[in-house]
K.L.:
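My questions all concern the structure below.
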Amino acid sequence: MDRTSPLGAFLKARRARLSPDDVGLPRYGDRRRVPGLRREEVALLAGVSAGYYTRLEQGRQANASPEVLDALARALHLSPAERDHLYDLSSTTGHRPAVSGDDERVSADLRTLLTTMAAHVPALVVGRRNDVLAWNRTGHALLAPHLDFAAPDDPGGRPNLSRLVFLDAPTRALHRDWPAKARAVVGNLRILTARNPGDTHLAALIAELTARSAEFRSMWDAHTVAPCGRDVHTLAHPAVGELTVTQQTFDVPKEPHQSLVTFTAEPGSPSAVALETLKSRGRSVEAPVPYASTP
């Protein structure tokens, strides 16, 4: 019986999306019981024995060498992000120290930057579990005016972007293309869990989303990998109507588990006008705007 193995599950999911035609292998008129490549075909393409690959996929093989991982990445036609994810998963078969529940903190300099940016750019800082560690007034007004602005200051009650997307009704309604946003969130979570395998808080978040959202379960089982970078979202905002924003994510220097997320609109566009209106509201409204979310 196969053991539970994040590496094996990822390899299995990636070979299931390929056909012999995709990789130049003959079919010989065979009828396959399951979609995708067989284990022995992946082994052939990667230049390893079928037994070795089977043990690797079943979690019965120790860490693969970089050469084997590169060969598997080529055989499975992995993207650069998926290749990096493969390396992260392989390293989890060893023993990493467990991540403690210590409070993640935002530096004073970064808080000053957020406040300064508020006049021009909605922004927030997220941590290693997608918790909102801090946001400026404009970022709060854009993404979550129904939440308390001071919520990120409470380590036990911080908004979590992944939880909001799947379990919070106003956040779901905010995104015109919610399925695309949800898939991006899940793809990023896959990366976070591979990089932080000992983080019990992150594991608890995955368990909660799996239990409470059938859509999350389906997307999670697909093993999609999607690093945060640049994306364009159309939002249906309750205060300023529809606007299109470009989201960009930047690593915070000297804080490898923190990211600065910004939102901008095309200059002179109706979205830019809506964003300017929202900036004014963010500066003037101190209390959160109340409307209901899912329990």
Side-chain angles (χ1 to χ4, degrees), residues 1-94 162 166 177-195 197 203 206-207 209-211 213-229 231:
M1 180 180 294
D2 289 5
R3 302 176 183 179
T4 300
S5 163
L7 173 62
F10 179 66
L11 290 172
K12 185 176 181 179
R14 293 284 71 80
R15 69 178 172 87
R17 72 179 181 179
L18 294 175
S19 71
D21 297 332
D22 294 328
V23 295
L25 290 177
R27 284 182 173 272
Y28 299 114
D30 62 327
R31 297 181 63 184
R32 295 174 182 245
R33 292 177 296 175
V34 294
L37 298 176
R38 297 189 174 109
R39 285 172 174 165
E40 56 267 27
E41 290 171 331
V42 176
L44 175 66
L45 292 168
V48 299
S49 72
Y52 175 88
Y53 177 79
T54 298
R55 292 193 300 274
L56 193 64
E57 192 173 290
Q58 291 180 345
R60 297 186 290 113
Q61 177 68 43
N63 281 2
S65 68
E67 292 77 15
V68 168
L69 294 176
D70 285 343
L72 289 172
R74 290 191 295 270
L76 294 170
H77 293 193
L78 300 187
S79 68
E82 289 170 336
R83 177 187 174 279
D84 291 343
H85 186 63
L86 181 68
Y87 266 79
D88 286 335
L89 289 174
S90 179
S91 67
T92 68
T93 58
S162 303
F166 280 95
D177 190 352
W178 181 87
K181 178 63 177 179
R183 286 192 296 270
V185 166
V186 173
N188 182 55
L189 275 177
R190 274 290 177 190
I191 294 175
L192 295 180
T193 54
R195 292 176 180 174
I206 301 301
L209 294 175
T210 300
S213 172
E215 292 160 313
F216 178 84
R217 288 195 298 273
S218 177
M219 294 179 187
W220 186 252
D221 289 343
H223 289 266
T224 300
V225 177
C228 290
D231 207 350

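Just so you know, these numbers use all the heavy atoms, side chains as well, and skip hydrogens, waters and symmetry mates.
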K.L.:
Kindly write out the residues that satisfy side-chain contact (heavy atoms from CB on, under 4.5 Å) with S213, not counting sequence neighbours, or none if the list is empty.
P.N.:
F166, L167, E215, F216
K.L.:
List the residues meeting side-chain hydrogen bond (donor to acceptor under 3.5 Å, both in side chains) with E40, not counting sequence neighbours, and say none if there are none.
P.N.:
none
K.L.:
Check A71 against A46 and note the closest heavy-atom contact, atom names and distance.
P.N.:
CB-O, 3.4 Å
K.L.:
Please identify each residue that fulfils side-chain contact (heavy atoms from CB on, under 4.5 Å) with L44, with sequence neighbours left out.
P.N.:
L25
K.L.:
Set out, in order, the CA-CA distance, both residues' side-chain angles and the distance that settles side-chain contact (heavy atoms from CB on, under 4.5 Å) for L189 and I206, then state yes or no.
P.N.:
CA-CA 8 Å; L189 275 177; I206 301 301; 3.9 Å; yes
K.L.:
With sequence neighbours excluded, what pairs up with N188 under the side-chain contact (heavy atoms from CB on, under 4.5 Å) test?
P.N.:
N130, L192, C228
K.L.:
Quick one: closest heavy-atom pair of A194 and L89, and the distance?
P.N.:
CB-CD2, 3.7 Å
K.L.:
In Å, rounded to the nearest 0.5 Å, how long is the span from CE of M219 to CG of L209?
P.N.:
11.5 Å
K.L.:
Just to verify, what does R217 make a side-chain hydrogen bond (donor to acceptor under 3.5 Å, both in side chains) with, not counting sequence neighbours?
P.N.:
none
K.L.:
List for me each residue that meets salt bridge (charged side-chain N to carboxylate O under 4.0 Å, His left out) alongside D70, sequence neighbours excluded, and say none if there are none.
P.N.:
R83
K.L.:
Who passes side-chain hydrogen bond (donor to acceptor under 3.5 Å, both in side chains) against S19, sequence neighbours left out?
P.N.:
D22
K.L.:
Only pairs under 3.5 Å count here: list side-chain donor-acceptor contacts from residues 72-81, not counting sequence neighbours, and write none if there are none.
P.N.:
residue : atom : partner : partner atom : Å
S79     : OG   : E82     : N            : 3.1
S79     : OG   : E82     : OE1          : 3.4

K.L.:
Output the distance between atom OG (S5) and atom NZ (K12), rounded to the nearest 0.5 Å.
P.N.:
11.5 Å
K.L.:
Grab the two heavy atoms, one from E41 and one from L37, that are nearest each other, plus how far apart they are.
P.N.:
OE1-CA, 3.5 Å
K.L.:
Apply side-chain contact (heavy atoms from CB on, under 4.5 Å) to V68 and Y52, showing your working.
P.N.:
CA-CA 11 Å; V68 168; Y52 175 88; 3.9 Å; yes
K.L.:
Which label fits H223 and F10: parallel for a plane angle under 30°, tilted from 30 to 60°, or perpendicular past 60°?
P.N.:
tilted
K.L.:
How close do A64 and S90 get, heavy atom to heavy atom, and via which atoms?
P.N.:
N-OG, 3.7 Å
K.L.:
Who are the ring-ring contact (aromatic ring centres under 6.0 Å, His included) partners of Y53, not counting sequence neighbours?
P.N.:
none
K.L.:
List the residues meeting side-chain contact (heavy atoms from CB on, under 4.5 Å) with D177, not counting sequence neighbours, and say none if there are none.
P.N.:
P179, A180
K.L.:
Look up atom CD in Q58 and atom CZ in R39, then write down how far apart they are to the nearest 0.5 Å.
P.N.:
4.5 Å
K.L.:
For I191 and A226, which heavy atoms make the closest approach, and how far apart are they?
P.N.:
CD1-C, 3.8 Å
K.L.:
Can you name the residues that form a salt bridge (charged side-chain N to carboxylate O under 4.0 Å, His left out) with E67, not counting sequence neighbours?
P.N.:
none
